2 protein chains.
Amino acid sequence: MTTIRELARRSGVSVATVSRVFNTPEVVSQHTRQRILDLAAEIGYLPNGSARTLATKKSNMVGLVWDTDHRRPGWRHPFLQEILVALKTALSAHGLNLLMLAGHDAAGPDDGQRYVRAVRQHNLDGAVIIDNGTRDPAVLALVEAQVPCVALDLRVDGPTSTYITSDNAGGAALAVRHLVERGHRRIATITGPLRTWPGAERLVGFRAALAGAGLPLADGHVVEGDFYLDGGHAAMDRLLALDDRPTAVFVAGDEMAVGAMRAAQAAGLRIRDDIAIVGFDDIEVAALIPPGLSTVAQNKPGFGTAAAEALVAMLHGGDDPPKPTVLPTTLVVRGTT
Amino acid sequence: MTTIRELARRSGVSVATVSRVFNTPEVVSQHTRQRILDLAAEIGYLPNGSARTLATKKSNMVGLVWDTDHRRPGWRHPFLQEILVALKTALSAHGLNLLMLAGHDAAGPDDGQRYVRAVRQHNLDGAVIIDNGTRDPAVLALVEAQVPCVALDLRVDGPTSTYITSDNAGGAALAVRHLVERGHRRIATITGPLRTWPGAERLVGFRAALAGAGLPLADGHVVEGDFYLDGGHAAMDRLLALDDRPTAVFVAGDEMAVGAMRAAQAAGLRIRDDIAIVGFDDIEVAALIPPGLSTVAQNKPGFGTAAAEALVAMLHGGDDPPKPTVLPTTLVVRGTT
DNA sequence: CGGTTACCTGAAACCGGTTACATTGTCGGC
DNA sequence: GCCGACAATGTAACCGGTTTCAGGTAACCG
C-alpha cells in the first residue's frame, strides 16, 4: 500500500502539498502538481478512503435502504433493477457510492435506530429510501435524525429530506379517460394498499377523473388490494360477483392486474370485450402476457436519476431541500382495452 | 459524535480498555466490561467505522460488481432481486455490508482496473461478481489482484476466488428427459450465448442427455440465441423453417422461451401439441404467461446465500478457497409440455 | 517469604489522510 | 532600499480508533 507520505518523500515535497494536489489543485503550482500527478500514476498511489473519511467526516457514500416486506417474504419491487441501474450510474457520476444497508434481518438490537446507527457508523453522507409499504419506524428515524434523505414513493418531508414519486393521480386519470373514450361508463378500481402513498393517490386520481367525466361510482366498485397477484385475483372475484358488474376496471398495479385478468378468464369472460382492464407500472409481464396489458407506465429510470440528483443537490447545495419530484406517467395501450 | 476517548474518560478507564471491550471482550474483567457497555449504551457510543478500518485494514464491506451489458442497455438479470435479498441477508448476518461498485459508466479513467481501484480505495474485504456475459477485463483484474472473490455464473478460479453456478448441464438433462418421456424424438435447442458459462453448459447437458436417450441431433437443431426475447423469437423462426422441424425445443432461458412461444403462435402452431417448449430459469413470467411455461427452475436465493457463505469462508477461513458451489435445479412442469 | 504466573489495565505509537497556521520567497510600489 | 501583498510550500496537530508492550496486582507454589 503506497501512502501519501511515500509519495511525498519520492516527489520531494511535504504531505500537505500532495494532499492539496488531490483536494485543492488550484493552490499548488502547475509545475509541482504535474510532477506529483505523474509520480502518483507511476507508483499507483490512491488516497485511502477511510483515512480521508476519518479526517473530513465525509465518506462519499450514501446508504440504500431497501427492505423487503417481512410480512411478505416474497415481496419484490416491481422495477428495482431499473432504479438501481439509474441510481448507481447517476450517483457515481458525482463520485458517490451506494452502500446497501442491512435491514430487519441484521444482527444487533432493533430499537428502530438501525439505519441511523449504520449511517453514523459509516459516516454516510445521505440515504436513498425505497419504500416497501411497511412504514418502518427505522426509516422515519432517519429523516428525524436529520440525515439527508430522499425517499421513493414515500412521502417524507423535513429540513433534510424530500421524495420522488410518479404522478399517481394523473396516471390514474389517464387510465380512466382512456376507458371513458372506449365507451365505458361503469368503471371500478382495484386499489393498492391505501396506507401506501401510491395506493392512496391512485385512488384519489381515479375518483377525480370519474367525477370529471360525470360518471358515478357505484357501491362496491372500489376494492382495496395489496399489489400482489393473488390479491388482484381475489379483488376481481369480488367485483365480478356484483349485480352491477363493471365493464372496466382500473387496477392500480400490474401484478394485481395480471391476477385480475386470470380471475376474469376463470369466470369465462372475454377480456376487453366483456371486461376491460388497465394496469399501472408497465412491468415486463405487461407486454408479454397475451393479449398485452394496457397500463400506465412509470418512468422507472427516472426514479433513480431523480433521487440521485435530489440527493446531490442537498449535499452540495446546502440550502433548503429540493422540492419533491413528480415524474410524469404515460399511457400504454395494449390488448386489454 | 461521541468518541472512544470520551467514553473512556467518563468510565474512568483508558481508551485501550474500551477498545478491548468491543474487540476482545474476554480479556477485560466482567465488571469493567459491563460498566463500559452500560455507559456506551447510555450515551449512544458507536465505534467509528472509518477509524476502525484505517487501523485494521478491514472494512467489513464487500463490493458488489454488477454491470449491465453496455451493448444492451436494457439488459436485466433474470433474478437479480432475489439474489440481492439473499446476499444482503446472509452477509449482514456475518456483519458484512455490501458496497455497490460503480461500473463502466463511472467517472475516471478506465484502464481495466476500476474495480481493483475501488476495492483498494475502500479497503474492501472482498467482492461478489454477478456476471453479465461481457467478460469484462476489469472483473478478471479483480481475481488477478488476489482480491477474495466469488462470482456468480462466471467460472473463475485462483487462490482467492471461487464461483457459484447452477447445475446447468443437469438442468438441461432434466428438460430433455422430460421431453423424451412425453414421447418427443426430434428435439432441438435454442442456446444462450456460448461464450457464457451457463450458455455453454446447458448445451453440453442437452447434447449428453440426447445421446443418453439414444436420440439423434439433426442438423440445424442447435441455434445459438442471446438470452433475450427477440433472440428467442428469431431462433424459433429458424427452427420452424426447417424441413425436419422439431416437435420439441429446449430453450436455455425463459425470456427467450417466451419469444419462442410467440414465434410458434405467430406461425399458427399450437404450443405443446404441435411444438413443446421447456425453458430455463423459472422467472416470474413463466408462471404467468398462458398456458404456463414448463421450465428448469434455478435456486435463486441459493446464489445469494452460497455466495455469502463462500466469501465468509474465504475471509475467516483463511485457507484454500472453497470449492465452487453447484446449485441443483428442478423441473417445473406447466402447460407448454 | 521470594518468585512465578495469570490476569487486567494503561501509555503511546500507529493507521493515512486533512488543514490551520507559520514560513519562505518574489515582486511591485513608494 | 524597505515594506506589504501574495503565492507556494512546510510543520504539526488532529480525526477516532487498534495494538504492542510494559506495569501492577493478586494468587499460587515451593
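Since the structure is predicted, the reported quantities are computational estimates derived from the model, not experimental observations. Proteins get letters first, then strands, A, B, ... in listed order; numbering begins at 1 in each.
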Ignoring hydrogens and angles, state whether a donor on the side chain of B:Asn23 or B:Ser19 is under 3.5 Å from an acceptor on the partner side chain.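 Side-chain D/A pair, B:Asn23 to B:Ser19: present.
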Under a plain distance cut-off of 3.5 Å, with no hydrogens placed, do A:Asn123 and A:Thr53 share a side-chain donor-acceptor pair?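 No - no donor-acceptor pair under 3.5 Å links their side chains.
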Quick one: are [X] and [Y] in side-chain contact, heavy atoms under 4.5 Å?
X        : Y       : answer
A:Leu98  : B:Leu99 : no
B:Ile130 : B:Leu80 : yes
B:Pro301 : B:Phe79 : no

Would you indicate what B:Ser19 reaches in the nucleic acid, counting non-hydrogen atoms under 4.0 angstrom: base, sugar-phosphate, or nothing?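 If one applies the 4.0 Å heavy-atom cut-off, B:Ser19 turns out to touch a base.
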Base, sugar-phosphate or nothing for A:Val18? Non-hydrogen atoms, less than 4.0 Å.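 A:Val18: no heavy atom of the nucleic acid under 4.0 Å.
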B:Leu154 and its side-chain contact (heavy atoms from CB on, under 4.5 Å) partner, picked from B:Asp131, B:Thr196, B:Val143: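 Result: among B:Asp131, B:Thr196, B:Val143, B:Asp131 is the only option passing the side-chain contact (heavy atoms from CB on, under 4.5 Å) with B:Leu154.
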Looking at A:Val65, A:Ile129, A:Ile83, which hits side-chain contact (heavy atoms from CB on, under 4.5 Å) with A:Leu152?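 By the side-chain contact (heavy atoms from CB on, under 4.5 Å) criterion, A:Leu152 pairs with just one of A:Val65, A:Ile129, A:Ile83: A:Ile83.
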Can you pull out how bent the helix from C:dC1-D:dG30 to C:dC30-D:dG1 is, comparing the axes over its first five and last five pairs, to 10°?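 The end-segment axes of the helix from C:dC1-D:dG30 to C:dC30-D:dG1 are tilted 50° relative to each other.
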Check each residue of residues 21-42 of chain A for a non-hydrogen atom within less than 4.0 Å of any atom in DNA chain C, then write out the ones that pass by number, or none.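 Within residues 21-42 of chain A, the residues near DNA chain C are A:Asn23.
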Interface with DNA chain D, restricted to residues 46-58 of chain A and to heavy atoms under 4.0 Å: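 Heavy-atom cutoff 4.0 Å gives A:Leu54, A:Ala55, A:Lys57.
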Chain A on DNA chain D: first and last contacting nucleotide, 5' to 3', under 4.0 Å to a heavy atom?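 The contact span of chain A on DNA chain D goes from D:dA8 to D:dG16.
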Check side chain to side chain donor-acceptor pair (under 3.5 Å) between A:Trp197 and all other residues, then give those that pass, not counting sequence neighbours.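 Partners of A:Trp197 under the side chain to side chain donor-acceptor pair (under 3.5 Å) test: A:Thr165.
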Aromatic plane relationship, B:Phe22 with B:Tyr45 - under 30° parallel, 30 to 60° tilted, over 60° perpendicular: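 Ring orientation of B:Tyr45 relative to B:Phe22: tilted.
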Quick check for you: to the nearest 0.5 Å, what is the distance between A:Ser11 atom OG and A:Arg35 atom CZ?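 Between atom OG of A:Ser11 and atom CZ of A:Arg35 there are 6.0 Å.
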Quick one: salt bridge (charged side-chain N to carboxylate O under 4.0 Å, His left out) pairs with a partner in residues 79-101 of chain B, sequence neighbours left out?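 Those involving residues 79-101 of chain B are A:Asp67-B:Lys88, A:Arg76-B:Glu82.
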Select from A:Ala16 and B:Gly12 the residue whose nearest nucleotide in DNA chain C is closer to the 5' end of that strand.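 Here B:Gly12 is the residue nearer the 5' end.
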Expressed in angstrom and rounded to an integer, what is the separation of A:Ile4 atom CD1 from C:dT18 atom C1'?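 Distance, rounded to whole Å: 8 Å.
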CG of A:Asn60 versus P of C:dG17: gap in Å, rounded?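 After rounding, the gap between these two atoms is 15 Å.
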So, are A:Asp38 and A:Arg33 salt-bridged, with charged N and O less than 4.0 Å apart?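 Looking at A:Asp38 and A:Arg33, the cut-off is not met.
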Assess whether salt bridge (charged side-chain N to carboxylate O under 4.0 Å, His left out) is satisfied between B:Asp136 and B:Arg114, documenting all intermediate values. CA-CA 11 Å; B:Asp136 187 338; B:Arg114 58 182 190 278; 2.5 Å; yes
